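Beneath this line is the structure, given in structure tokens, with notes to follow.
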Protein chains: 2
Amino acid sequence: MRGDGCCDMRGFLSFLILFLLSKRKMHGQELAEEIEKRKGSKPSPGTIYPALKSLREYGLIEERKEGKTVIYSLTERGKKELKTAKQRFCRIFLGVY
Amino acid sequence: MRGDGCCDMRGFLSFLILFLLSKRKMHGQELAEEIEKRKGSKPSPGTIYPALKSLREYGLIEERKEGKTVIYSLTERGKKELKTAKQRFCRIFLGVY
DNA sequence: TTAAATATATCGGATGCCCAATATATCCTA
DNA sequence: TAGGATATATTGGGCATCCGATATATTTAA
């Protein structure tokens, strides 16, 4: 339990990244800003890049280098994984609007 | 990232407990079973009771001993905390149905 | 061609969720 | 009044998330 009240809710970052990338492909900084909009604080580089690396290693996202930035997008496997993760998510939090 | 796919989603337990107790007061085992229904696996005693203790120490839930069992319910502060946690939750996961 | 700015990436460590094992207490049954 | 079943509780530790600090690469500005 941390200062921001109860309910740490750690462990949702990868899920959120998959969800955001399913809306549109983005590079890391864009992702960090989208997350900041939602949760109030911007994830640090030490948070966002290891998470992206992990998702890539699991074959759920792929990268395309484009000059300075790297564009991340979902793989087919990532889309499938997001779908089942969503179902799990919805069953767990059924009724929490 | 763990075996059950991506998206660990740990750190939601306290939140879920507050939510479930807002529906009806329960004792620990009932809570564990409700959580099992939602997430598929039953939290172990070493998970559920420390979580309850923590929530009690933060003044978010209160206990009433009743023979063998202990009935847990939300305090006023717990209700308030749940409300803001819900708002945070909904903003973070906006669009994830 | 420096210098600053931006993006990506890694490392070490703090935090705390969660579990397995174990212990205690109460209730029920024979 | 034993013995089993159920509920509560604690302890120790594993492990993933997440952050701060630091490093590298590319782009832009001067």
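Here the structure is a predicted model, which is why all the values come from computation and not from measurement. Because only heavy atoms are used, hydrogens play no part in the values below, and waters and symmetry mates are left out as well, while side chains stay in. Lettering follows sequence order; numbering is per chain, from 1.
Distance NZ (B:Lys39) to C1' (C:dC18): 9 Å, rounded to an integer number of Å. Residue A:Ile61 contributes atom CD1, which lies 13 Å from atom C1' of C:dT8 at whole-angstrom precision. Taking atom NZ on B:Lys68 and atom P on D:dA9, their separation rounds to 14 Å, with Å as the unit. When rounded to the nearest whole Å, the span between CG of B:Leu52 and P of D:dT8 equals 9 Å.
When the side-chain nitrogen and oxygen atoms of B:Thr47 are compared with OP1 and OP2 of C:dC19, one or more of them lie within a distance under 4.0 Å. The phosphate of D:dT10 (OP1 or OP2) has a side-chain N or O of B:Lys53 nearer than 4.0 angstrom. Contact check, B:Thr69 against D:dA7: no side-chain N or O comes under 4.0 Å of OP1 or OP2.
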So what is the 5' to 3' dot-bracket string for DNA chain D, if pairs are Watson-Crick or G-U wobble with both distances under 3.5 Å, crossing pairs use [ ] and | means the partner sits on another strand? ||||||||||||||||||||||||||||||
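The existence of a salt bridge linking A:Arg77 and A:Glu62 is excluded, since no basic side-chain nitrogen approaches an acidic carboxylate oxygen closer than 4.0 Å.
In the set C:dA21, C:dA9, D:dC19, the nucleotide with an atom closest to the side chain of A:Pro43 is D:dC19.
The ring pair (Phe, Tyr, Trp, His ring centres under 6.0 Å) check on B:Tyr72 picks up nothing, with sequence neighbours excluded. For A:Phe89, the ring pair (Phe, Tyr, Trp, His ring centres under 6.0 Å) partners are A:Phe15, A:Phe93, B:Phe89, B:Phe93, not counting sequence neighbours. B:Glu36 is linked by a salt bridge (Lys or Arg N to Asp or Glu O under 4.0 Å) to nothing, counting only residues two or more places apart in sequence or in another chain.
Near DNA chain D, meaning a heavy atom under 4.0 Å away, the residues from residues 24-38 of chain B are B:His27, B:Gly28, B:Gln29.
Residues in residues 45-61 of chain A take part in these salt bridge (Lys or Arg N to Asp or Glu O under 4.0 Å) pairs, two or more places apart or across chains: A:Arg56-A:Glu63.
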